[in-house]
Structures are given as structure tokens and as C-alpha cells.
Amino acid sequence: MPGSNILWSVDRRYARQFTGEVLDAVIDRSIVDGETVVREVHTRQVSRMHLSRPDLPDIYVKAYHIPPRKLYRSLVVPYGIKEWRVAQALQKKGIRTCPPVALGIEKRGGLYCRVYFITEAVPDSMTLKEYIDAYGVHGEQGRFAGNASLVDLFADFVAEVRRVGILHSDFHWGNVLITVPEEGRLDFYLIDLHNVLLKPILSERDNYSNLALLNASFQDKIPIRDQLRFMQAYYRDYVHGRRHARDRVKDDTNRLLRRKWKKHDKRCLQENKYFERVARSGLRGFARRDEALKSVLQRLENPEGLFNDPKVRIIKDSRTTSSVAVTDGVPVPGLYVKRYNVKGAWYMVKNLLRASRAKRVWQTANSMRERDIATPLPLLYLERRSLGLLQKCYVVTELVEGAVTLDAYIAGDFQDLGRERKRAFVRMIALQVQKLHQRGVVHGDLKAKNILVRSRPGGGQALCFIDLDAARVQGSVSAAERFRDLARLNCSFLDRRLVSQALRLYFLQVYCGRCSRSELKSAWDLALHYTDRKLRKSARSF
């Protein structure tokens, strides 16, 4: 086209509406009435556009930018071209996706520099994640056309994806659109197609890969019973080996999650869209990137002054640490500020070659939240060094209001509960500690004072782990590390009248999960061994 550097390819169904001049006007924003940026990273931007011409539908424009310094990216086929080809192939296979409108290629010196992939927006649609967040796993209507459930219909869709040979290397619930027409039919659309490979048939390994990616996105978001129901519906015609397939998907899911967690563990110490580097009065560190934190950062211009402020509530003041609760002049729910006191020259020398305790707690807290383990939201950490020697360090988290420590709750409200409610509460604690260990976290000081009990908005209680000074995040937790944590928790309740032996055994039974009677007895003996050893060190007894 004269006057245009973009070479356009238009789908034949849209050739009359979207001419080259119209598409150039879209990129120039001259016929765009409204634009919403859906996603933006350094290599691509996805925007939803409402066009001023009434004969043109709403569209999505995905603009891929290829940096000049990455020459190899300019030589291979860009993602936008792959997505254009895959979208057209999917429509031929009968899999719904956002209808492809046009592909624009811009070259400079014979090399790709920009690619534009344009699709028609699916009206009244949302991602499966948004839909379940809004209406729950059973959907807005509960049952749909043909009295089918959301879980069963989605299982049928994923089975169809498998049947036509689609391997999606980023197959999660954010990459599936959902619409519910008036007649109650449920339609699914596959999006974000640059990670899709089309094969004549999917191998077992490819099939498990798709399911594991999907299962990883459902982790802690969808009840287990609904995940099992999905697997049963997906494998309804695959009777033999169903248990093996379920176990294989579970193992692949855990491997994917561990890889994702390990990758995300590092980003709290990097400049990105989640975290930012901060410097305050000679103090340096990282903070969560949030507009609401601006006022918090202003209040922390001089964190040392908070410990002398009469308006703050002093929680602890010892030789090793000091902590205060700040509720005046900060957004709800307030701040918990902890200072690690320098105990002498040797302490400074030790920290010369390792991260400060505030930095370690900051990393651990963010890693725990990434693993969906409840702990107060970490807001920032700050430290001051002189010639590499640590002078001061602070960590700031949200203040957990209205919570009591587990030992206080057990000594108080817990005693008024009936037998079944007591067992339900003990079961909740056991499952939370089990999840803590299964996801590679050793608390190191898992006593009742370091577990908070707070009321849920909809009723019931929730737990929150605090005081992470001795906590570690690692690939796996050994049996010795597990039972040392359990022994500390057991030693928090020396009074057998508060927690009976039957409840302690029930806790261990839930924590161990499915196990034989002999395995449970061995775990009980091991827990008693570590408990006795802990009590002898502190000269205590039951």
C-alpha cells in the first residue's frame, strides 16, 4: 500500500470491512473511540478497541515489538504470524477462538520489527478464571442447556482439544474465554495461541502436559472434589489406567508448580511490575509496587522514629528484635514494623557475607504467599550498610487486626466448642501445617504463639503463620525437619486438659493423610521422640 510500511493480510470474511486504509487508521488510532490495554509487557501489548465506525465490530489488537538488539528474534517467525496461522487452523478443526481479522507485518532492512495480530472481540465474554471468581465453580446458572454442569462441559471441551491434536504450552484458565448465550448453551474459546502446537495426534506425554498446566492453574482455587469430577468426566471413556493417569497428572502438576515457585521466588528482589527498588534516608531495599503504598513510604521516611512515637503500639522490645503496630496515618489494616537490633561487632561481621535477617524474612514471606500459605502481606524491607557492614534493617508487613494467637484461642473459645467442631478446627490446623511442609517450607519456630487465628468474613476461622525469622523455603522437607516443627507445636500445649491425646492423634492422622495403622504408629512414636527431646532441652514436661 502506498504510504504504509505495514503489509496487511486480511481474512476473506473481513476483506470488505477492513481494508488496508482502515487497518492503518486502527494502528494510528484515528478511528478508535475507546481503548483498553488488557496486557502490556516489554515485547507485546494487547488492547481492546471500540471503533468509531458503526459497521466495524470491537477488536483486539496484539502488537508484537521485536527489539533491534535481539537479532535472532528478527530472523525467526514472530509470534504474531504463528498466532495468525494457528487461529485459522483451529477454526477449520472446529475449535472456537477469537475470529482472526488481519495480520500486519512491518519490516526494517528486511528484518521483522513489528507484527500486528487483530481479532474480533467475542461479545459478553470473560475468561474462565473471571467467570469462576464471579459465579463459582458451578457457574451463574448452576446447570446449563441439557442439564449439564460447568465442570462436565469444560471437561468435554478439553477432551475435544486433545482429540484434534492441540498442545498448548500455556494452557491455563486465563487463556480460555467463556460465553453463556440466552438459550443456556455454554461456549468455550481458546486464546493466546502463540504457544500452541498442532499435531496429528497427542502423545500420552503431551496429554498429561496439557492437563498438568490446567491443573496447576486450578491449584487452591477449585475444590478438590470438583478437580476429581473434572478428571472423571475427562476420562469417562478411559476406564483402564484411570488411576495411573490421575497420579501422573498430579506428579506433573507438582513439578510444574515447584518450577513456577522457584522462578517467582526471585522476583521480590528485582524491578518488575510487582516490586520496586526503594531508598529512604540511607536505607535501601525493595517494596511491593502499589499506589496505596505511597503514603506508607512517606510515613517510613524515618522508620527509627516510629519506635519513639507515642501514637504507635509497642508489641515487643528485646535485645534482638523490636516491633510496633502502626494504625495512625496509614491505610487500613495498618502496619507491623519489625526492627532487627545489631547485637555487636561479630553480628555485623556475620552479616557481611550473608543477607540481613529482614531481607531473608522478606523473601520467605513472599515465597510463602506465592505458595498460597497464609502469612501477613509483606510490604517492604529496608537495610542500611556502611562499607558492607549491616547497621540497621527493618521489615514491614500488613497488621493482622482482630486475631489472637493459637495458644490463646485454645485456652479460651476452643474449650466452649462441641466435639465435632473441635475436631474440625484441629483438622484445619493439620491441613495447613501439611500444606506448609508439602510446599517446601520449614517454619523453624512453629509454636502456638507464632500462629494467628482470625475470623473469616463469611464465618469460621483461618490461620496465619507469623515470625518467619527461622523459616526456610526449599525444594522438599525431610522427615526430621517435619517432626521438629510438629514437636514445637506439640510442646505449646503441655496441659493435656486443653488438648486431649485423642485430638493430638487425630491431628497426626490428618497430617499424615492416607497411611496404614503401622505407619501412623511409627509417626506417633517419632513425634513423641522429638517432643521428649525438645522438652528435655528446656527442662519441661507434660
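Index from 1, following the sequence.
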Around atom [atom1] of [X], are there more than 12 heavy atoms from other residues, nucleotides or ligands closer than 6.0 Å?
| X | atom1 | result |
| --- | --- | --- |
| R427 | CZ | no |
| K435 | NZ | yes |
| R284 | CZ | no |
| K262 | NZ | no |
| R354 | CZ | yes |

Any carboxylate oxygen within less than 4.0 angstrom of a Lys/Arg side-chain nitrogen, looking at [X] and [Y]?
| X | Y | result |
| --- | --- | --- |
| R248 | D251 | no |
| D413 | R421 | no |
| D226 | K221 | no |
| K273 | E40 | no |
| D309 | K311 | no |

Requested in this report: State the CG-CZ distance between L508 and F483, to the nearest 0.5 angstrom.
Outcome: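 If we round to the nearest 0.5 Å, L508:CG and F483:CZ are 6.0 Å apart.
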Query - Pairwise distance CD(E370) to SG(C268) - rounded to 0.5 angstrom - result: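 It comes to 10.0 Å.
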Requested in this report: Start with the C-alpha distance between F154 and V176, add both sets of side-chain angles, then the distance that settles side-chain contact (heavy atoms from CB on, under 4.5 Å), and finish with yes or no.
Outcome: CA-CA 10 Å; F154 185 57; V176 177; 4.1 Å; yes
Report task. Answer yes if the side chains of R357 and T321 hold a donor-acceptor pair under 3.5 Å, and no otherwise. Result ->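 Looking only at side-chain atoms, T321 and R357 do not form any donor-acceptor pair under 3.5 Å.
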Requested in this report: For the residue pair R267 and N366, confirm or rule out a side-chain donor-acceptor distance under 3.5 Å.
Outcome: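 Side-chain D/A pair, R267 to N366: absent.
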Below 4.5 Å, heavy atoms only, C-beta onward: do [X] and [Y] meet side chain to side chain?
| X | Y | result |
| --- | --- | --- |
| W261 | S367 | no |
| D485 | V433 | no |
| N341 | T320 | no |
| I178 | L150 | yes |

Counting N and O atoms only, with roles assigned by atom type, does the side chain of [X] sit under 3.5 Å from a partner on the main chain of [Y], one being a donor and the other an acceptor?
| X | Y | result |
| --- | --- | --- |
| E383 | G285 | no |
| H168 | D192 | yes |
| R369 | T375 | yes |
| R488 | G444 | yes |

Requested in this report: Can you sort out the partners of L406 under side chain to side chain contact (heavy atoms under 4.5 Å, CB included), two or more places apart, ordered by chain and number?
Outcome: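 Result, side chain to side chain contact (heavy atoms under 4.5 Å, CB included) vs L406: I410, F425, I429, A448, I451, V453, L489, F493.
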Query raised in the report: Sequence neighbours excluded, which residues qualify as side chain to side chain contact (heavy atoms under 4.5 Å, CB included) partners of R536?
Result: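 R536: side chain to side chain contact (heavy atoms under 4.5 Å, CB included) contacts with D532, R533.
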Report task. Could you give me the CA-CA distance, side-chain angles and deciding distance for W362 and F275, then say whether ring pair (Phe, Tyr, Trp, His ring centres under 6.0 Å) is met? Result -> CA-CA 12 Å; W362 163 259; F275 302 97; 5.7 Å; yes
Query raised in the report: Is there any side-chain hydrogen bond (donor to acceptor under 3.5 Å, both in side chains) pair reaching into residues 441-455, and which pairs are they, with sequence neighbours excluded?
Result: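 Of all non-adjacent pairs touching residues 441-455, those that pass side-chain hydrogen bond (donor to acceptor under 3.5 Å, both in side chains) are D407-K449, D445-N450.
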**Report entry** Geometric class of the F307/Y394 ring pair [parallel <30°, tilted 30-60°, perpendicular >60°]
**Finding:**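 The rings of Y394 and F307 sit tilted, inter-plane angle from 30° to 60°.
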